[in-house]
Structure formats: C-alpha cells, structure tokens
Amino acid sequence: KVYQIVITPEKDDFGSIRIIGIGDGQNYPLDVLRAYDEYGNELEIDGEKINDLSFKANQTKTITIELKSSRRYVVGVA
C-alpha cells in the first residue's frame, strides 16, 4: 500500500522519522519498502525509519511511502 505523509514543522530540524501502525491501545513499527520526497527523489530507509531528512520552519514536506506489507494500516509518525 502507498501512503503520503505531510509534515509542516514549526522550526528548522533534521534527522529521521519512524513510520508506525496505530492500533487499539498499541503502536508498532511498519517496514518501509520505498520512500520518496515531493520531487520524486528516493529517500534513505532503514526498516521503519526514513533517515537524513531536513525540514524548514513552516514549509510543508510531503513524503510518499510504500510499505512492505500489503495490509491496510492507520499510519503515524514518531
């Protein structure tokens, strides 16, 4: 399944994000197969993490992800 994550930070920042499934009273990591930025550039992934991201204050970043699993999830970012 393919999902889009939209992030608009309040301050400049950099690092990685974790992709999680949100369940009834429990969250769990979701393995990412591929991740792309809004320009189609492939992003570095490591399991449930998307690494080496940079964010600018008040600028929206859209990340498209494809999960390894074909199941449907409620997806969150940690």
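Values below: all heavy atoms of this structure, side chains included; hydrogens, waters and symmetry mates excluded.
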Using atom types as modelled, flag every donor-acceptor pair under 3.5 Å from a side chain in residues 47-58 to any protein atom, sequence neighbours excluded.
{"from": "Glu48", "atom 1": "OE2", "to": "Arg18", "atom 2": "NE", "distance (Å)": "3.4"}
{"from": "Asn51", "atom 1": "ND2", "to": "Glu44", "atom 2": "OE2", "distance (Å)": "3.4"}

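Within the model, atoms CD of Gln59 and CG of Asp12 stand 8.0 Å from one another, a figure rounded to the nearest 0.5 Å. Rounding to the nearest 0.5 Å places OG1 of Thr8 at 11.0 Å from NZ of Lys61. The OH atom of Tyr36 sits 16.0 Å away from atom OG1 of Thr62, with the distance rounded to the nearest 0.5 Å. Distance check, rounded to the nearest 0.5 Å: CG of Asp37 to CD1 of Ile63 gives 8.0 Å. Taken from CD1 in Ile45 to CD1 in Ile65, the straight-line distance is 9.5 Å, to the nearest 0.5 Å.
There is no path of hydrophobic side-chain contacts, each under 4.5 Å, that joins Ile5 to Leu33. Residue Ile20 is not grouped with residue Tyr73 when hydrophobic side chains (ILVMFWY) are merged at heavy-atom distances under 4.5 angstrom, including chains of intermediate members. Clustering ILVMFWY residues whenever any of their side-chain heavy atoms sit less than 4.5 angstrom apart, transitively, puts Val32 in the very cluster that holds Val77. A continuous path of ILVMFWY side-chain contacts below 4.5 Å connects Ile7 to Ile19, so both sit in one hydrophobic cluster. Note on Ile17: it clusters hydrophobically with Val75, by side-chain heavy-atom contacts below 4.5 Å among ILVMFWY residues.
Under the side chain to side chain donor-acceptor pair (under 3.5 Å) criterion, the residue pairs touching residues 19-35 are Arg34-Glu66, with sequence neighbours excluded.
Glu38 meets the salt bridge (Lys or Arg N to Asp or Glu O under 4.0 Å) test with no other residue; sequence neighbours excluded.
Residue-environment remark: CD (Glu10) stays at or below the threshold of 12 foreign heavy atoms within 6.0 Å.
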